[in-house]
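Below: one structure in C-alpha cells.
Every chain is numbered from 1, with letters handed out A, B, ... down the list of sequences.
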Amino acid sequence: MLKRTRTCGQLRLSDAGKKVVLAGWAHSYRDHGNLVFIDLRDREGLTQLVFDPEIQPQAHELARTVRCEWVIAARGVVRPRGEGLENPKLATGQVEVVVGEFEILNKAKTPPFEIELVKGQAEKTNEEFRLANRYIDLRRPEMQQKLRVRHRAAKITRDYFDQLGFWEIETPMLAKSTPEGARDFLVPSRLHGNSFYALPQSPQLFKQILMVGGVEKYFQIVRCFRDEDPRADRQAEFTQIDVEMSFADTDDVIGVNENLVAKIFKEILDVDVATPMRRMSYDEAVADYGVDRPDLRFDMKLKDISAIARQSDFKVFKSVLEGGGIVKGVCAPGGGRYTRSDIEKTLTDFVADYGAKGLAWCKVRRENDELSLAGGTSKFFSPDLQRQLIERFEAKDNDLLLLVADTEQIANKALAPLRCKLAGELKLYDPGSFEFVWIVDFPLFEWNEGEGRYDSLHHPFTAPVPEDLGKLETDPAGIRSQAYDIVVNGSEIGGGSIRIHQPPVQQKVFDLLNISREQAEQRFGFFLKALEYGAPPHGGIAFGLDRLVMLLTGTDNIRDVIAFPKTQRGQCLLTDAPSEVDQKQLDELNLRAQRHSHTTRQGPDPQEQRPQPNDA
RNA sequence: GGGGCCGUAGCUCAAUUGGUUAGAGCAUCGGACUGUCGAUCCGAAGGUUGAGGGUUCGAGUCCCUUCGGCCUCGCCA
C-alpha cells in the first residue's frame, strides 16, 4: 500500500517539484479521453491529480476506471498549474500532482447522495437519509468541520482545567435511580433480580461526594441521559462539561468558568468575549424578557402595562386584571409592516401555542408630528392613554405594540418567544453576534400548585443565600438560591450552584420539598451520610457541550453536532436501535416483555399469532 | 398525549380545476473528447408517487387509516 506523506489540503506553490504520496476518496473525476483529472479528497481538503498517458500509461488506464468515493492513493510530483489553469476555489488550486504510481485501495458503491463541498448543502438532503447513511454524510466538509470544532472545544476544556489543577474523574454510568427530575433510563440488573440501575441524568451526587472525598477540583466531559421527548436542541443522550470545586463561592465558580467560555470562543471563533460577563437577576430577566434565558442581542423589553390597561375601555383587559392577571406587551420596531392578517392569524396562533387566549395589537403612526395608535385595540384607549402606552414602550412611528392579557406566567411564556420571533423576522440583530449573561439570584423554590408543595427550581442540593436562611420557616418562596445559569443568545449553555454542605440545611430543604425522612434516606441516604463526614463548602456547574458546539458552529440542529444522533422518536436510523432482544437475554434478566395492544406489531400474520407466554 | 409541516426516479424538485404514456437537473451506465475543475457533447436506463383502503368513468392530486421524518405544546429537578 502506498503510504501517504501529505494531506490533500496541504500543497502550495512552494511545494513544486516535491515527490508526494496522497490518499483519500475520489471526489470527482474528469476524463478527457487522454488526460484524466481526479479531485482527491481527505478531511483536510482537495487536491487535483493529473493522469497523463504519455507519462504513465498504466496509471492512466487505471484512473479511467475510478468512480466517485473510491478510495485511492497516488504517488506523484507536485507541479505548478499552467497560467490560467489555477483553481481559485481550492486552497491547493495553484498546484496539481502528476501521478506516476497509482493504487486503488478500495472500490465503493455509488453513494446514496452526493457529497457536497458547498456549505449549506447538507441541509438540502433529507435528514432521514443522512442519518441512515451517516458514514457518507460525515464525509461532507461541513460535517467534519462541526466534529472538528467539537473536538477542539473538548480539548481546550481539558487543557484549561488541567492547568488550573482540576482532575478529570469518571463517575459511574450504571447508577442509582433518583425519581426526581427527568425520567430515568433503566438498566436491569442480572445479578439482582427486580433491581435496576439508572443511567445518570448528571453526575450531580457523585461530584459532590468527590468533594467530600477531598478531590477539591473535579471536571469531566460526561454523557448524561434523560428519557424525555427530544427537541431541536435536545437529545435524550447528551454531553456535559461537568465541574465541581471545594472552598468556592459563586464568584469563584463563575470566574473560572466564564474564562473557559471566553477562551473557547476566542480560540475557535476568534471572538473576544468581555469578562467579567454581565450578570442579571432572575427577577429582572423575567420582568424584562419573560424568561430566565433572555436573548440580549436586541432590546425590545417586555412592559407590564396593567396600570394603563386598567383605565382602558377594553373589557377583556379589565376582566383579566380583575381576576388577578396582568397585561404585558412588547413593542416591535418596524412591526407596522405586519398586516392585520399576519397579526390576527399567524402571530395570534403563535402565542396560542403557549396558552395565550388572544393577542391585542395597535400600530404606531405619526400624524401631524404627533404619535398615536391605530388599528386593533387602539380604539379602547383614549388619546391620553395612547400617549402613555407610546411613552411606556418608547415606541416610534411604524412600530407595532402586541399585548397579552393573562396570568403573569402565561403572558411571559407567550411574549418571550414572540419577542424573539419578531426580532428575528424584523432583522433587529446580527445573527453572528454573541451576548453572554449570567442569570443569578434565582428563587430556591417554586410553588407546585398541583402537588401542593414546593419544587426546587434547580435541584434539591442547591444552597440558599445565607441571609435568606431565616426564611426557611417563614417565607420559603422568598428565599434566593446561590444558583447561576450562563445564557448566550437566549440559549442556556450551562448552570450550576453552590451546594448545601450542612446536613441540617439539606434536611430542611427536603422537608419543604415534601420529601419524607424515609424517602430521603431511601433515595439519597448514601449522600446525606457523606455530608455528615466533613463535607467542605463546594459548588460547581455543568455546561451543555452540544449546545455550546451548536453556537460555535452556527447550527440550530443538535443532530448536526453529534456524530451519531437519534431521531425525534429516539431511534438511531444507522443501527436501528432500539430493537427487540432475544428471549434468552430477557430470561437471564428475569424480565418479561409486556405486550400491550399498542406495542404489538400490526399486521395480521397468522404466523405471528403464536402463544405469547408473556401476555398479561 | 396534543397541534402543525412534509413524504413523487439514487439525490433535489416539477406535474393546470381530478384528465393521454408522471417530467427536469444532478448522479448512474455506454460512447466521444489533450487542460478540465459544477468539464463538455451524444445516447441509454431509471417510478408500487411511503403503505393500505375509499370516492370517481378516471387519483400523485380529494377523503379515511397507517408508517416514517421534522418543528412544537406538555415534559425536560
Any Thr110(A) side-chain nitrogen or oxygen under 4.0 Å from OP1 or OP2 of A27(B):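 Result: no.
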query: Between Phe461(A) and Phe510(A), what is the ring plane arrangement, given parallel below 30°, perpendicular above 60°, and tilted in between?
result: perpendicular
- request: Establish, with yes or no, whether the OP1 or OP2 oxygen of G38(B) is under 4.0 angstrom from a side-chain nitrogen or oxygen of Lys89(A).
  value: yes
- prompt: How far does the P atom of U16(B) sit from the matching atom of U72(B), given to the nearest Å?
  reply: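 To the nearest whole Å, 33 Å.
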query: Would you say U36(B) has OP1 or OP2 under 4.0 Å from some side-chain N or O of Arg30(A)?
result: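 Checking Arg30(A) against U36(B): no side-chain N or O falls below 4.0 Å of OP1 or OP2.
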query: Looking at Gln201(A), does any N or O in its side chain come under 4.0 Å of the phosphate oxygens OP1/OP2 on C76(B)?
result: no
query: Is Phe37(A) stacked on the base of U36(B), meaning ring centres closer than 5.5 Å and planes within 30 degrees of each other?
result: yes
- request: Identify whether a stacking contact exists between His32(A) and G35(B), where the ring centres must be under 5.5 Å apart and the planes under 30° apart.
  value: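 Ring-base stacking flag not set for His32(A) and G35(B).
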task: Return yes if the base of C37(B) and the side-chain atoms of Asn87(A) contain a donor-acceptor N/O pair under 3.5 Å, otherwise no.
output: yes
- prompt: Would you say the ring centroid of Phe51(A) lies under 6.0 angstrom from that of Phe102(A)?
  reply: yes
query: Counting any heavy atom closer than 4.0 Å, what does Tyr29(A) reach on the DNA or RNA strands: base, sugar-phosphate only, or nothing?
result: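 Tyr29(A): backbone/sugar contact only, no base atoms under 4.0 Å.
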query: Any idea how Phe442(A) and Tyr282(A) line up, ring-wise: parallel (<30°), tilted (30 to 60°), or perpendicular (>60°)?
result: tilted
- prompt: Quick one: does Arg559(A) reach the base of G69(B) with a side-chain donor-acceptor pair under 3.5 Å?
  reply: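 No pair found.
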message: On the nucleotide U34(B), are OP1 or OP2 found under 4.0 Å from the side-chain N or O atoms that Asn34(A) carries?
response: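 For U34(B), OP1 or OP2 has a side-chain N or O of Asn34(A) closer than 4.0 Å.
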message: Could you check whether the side chain of Arg81(A) and the base of C37(B) have a donor-acceptor pair of N or O atoms closer than 3.5 Å, going by distance alone?
response: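 Result: at least one qualifying N/O pair found.
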query: Taking only N and O in the side chain of Gln48(A), is any of them less than 4.0 Å away from OP1 or OP2 of G35(B)?
result: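 Checking Gln48(A) against G35(B): no side-chain N or O falls below 4.0 Å of OP1 or OP2.
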query: Counting distance only, does the side-chain N/O of Asp468(A) pair as donor-acceptor with the main-chain N or O of Arg480(A) below 3.5 Å?
result: yes
